[in-house]
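For reference, the structure discussed in these notes is given below.
Throughout, a chain's letter reflects where its sequence line sits, starting with A, and its residues are numbered from 1.
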Amino acid sequence: QKEVEQDPGPLSVPEGAIVSLNCTYSNSAFQYFMWYRQYSRKGPELLMYTYSSGNKEDGRFTAQVDKSSKYISLFIRDSQPSDSATYLCAAGSGGSNYKLTFGKGTLLTVNP
Amino acid sequence: EADIYQTPRYLVIGTGKKITLECSQTMGHDKMYWYQQDPGMELHLIHYSYGVNSTEKGDLSSESTVSRIRTEHFPLTLESARPSHTSQYLCASSELDGAEPQHFGDGTRLSIL
């Protein structure tokens, strides 16, 4: 079993839709969680960073972490064509452990 | 805004050539990383460094080598390129604290003929 599982999609939605992207993880040591956005031919760009359980909101984006079910989510409200990209979830245990474990990424297309 | 730069962005080269992929960051980050990314697959860590003169192999076995002589510079070298090395290579950096997020460059897309 991979430590971080992510449905690769692809996911296609109309402009203005609410998008829900999800990952599950198996390692109980994971304490911090990230969402990266990667446009075609570009590197991953940090979108959201969450430590432990709870919600974090930034504009149209909300990240949720539920450590009891080992489930992490990214919600995009009022989606825009410019949100079309691959979204990668990542998790790490922090401290002296340098590693991040990434999901495969979900390809999102927002249609005008 | 993360400032991490990779050159070249694209490279098409023949088998057997020696290749160096450059990565530089201007943030003063101690930790730097090299990942390999193939279509539809997870990022796989191939090398990392905690600071000057520190280099370690990552989770994915790689025939490449790295060096860290200066804090800001973390080049990756392939002594003799093969078609199996064709991939996208991403460089990243972060603060020393393990809880800090990693910031990525735009990658080098390498094709070995």
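Counting only N and O atoms by type, the side chains of B:Ser94 and B:Tyr33 include a donor and acceptor under 3.5 Å apart. Counting only N and O atoms by type, the side chains of B:Glu56 and B:His47 include no donor and acceptor under 3.5 Å apart. A:Asn111 and A:Ser12 share a side-chain donor-acceptor pair at under 3.5 Å. For the 3.5 Å distance criterion, the side chains of B:Gln37 and A:Gln38 qualify, holding a donor opposite an acceptor.
A:Leu107 does not touch chain B: none of its heavy atoms, backbone or side chain, sits under 4.5 Å away. Proximity to chain A is limited to the side chain of B:Leu45, based on heavy atoms less than 4.5 angstrom apart. Looking at A:Tyr39, neither its backbone nor its side chain comes within 4.5 Å of chain B, counting heavy atoms on both sides. For A:Pro44, the parts lying under 4.5 angstrom from a heavy atom of chain B are both the backbone and the side chain.
Note on A:Lys104 versus A:Glu5: no salt bridge recorded, every NZ/NE/NH1/NH2 to OD/OE distance being 4.0 Å or above.
Using cut-offs of 30° and 60° on the angle between ring planes, the pair B:Tyr89 and B:Trp34 is perpendicular.
At a heavy-atom separation below 4.5 angstrom, chain B is approached by no residue within residues 54-77 of chain A.
Between A:Tyr51 and A:Phe33, a ring centre-to-centre spacing not shorter than 6.0 Å is recorded.
Of the listed residues (B:Ala92, B:Cys91, B:Gly105), the greatest number of heavy-atom pairs within a distance under 4.5 Å of chain A belongs to B:Gly105.
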Please report, to 0.1 Å, the donor-acceptor pairs under 3.5 Å made by any side chain of residues 8-15 of chain B, with sequence neighbours excluded.
from: B:Arg9; atom 1: NE; to: B:Gly107; atom 2: O; distance (Å): 3.2
from: B:Arg9; atom 1: NH2; to: A:Arg41; atom 2: O; distance (Å): 2.6
from: B:Arg9; atom 1: NH2; to: B:Asp106; atom 2: O; distance (Å): 3.4
from: B:Thr15; atom 1: OG1; to: B:Leu113; atom 2: O; distance (Å): 2.5

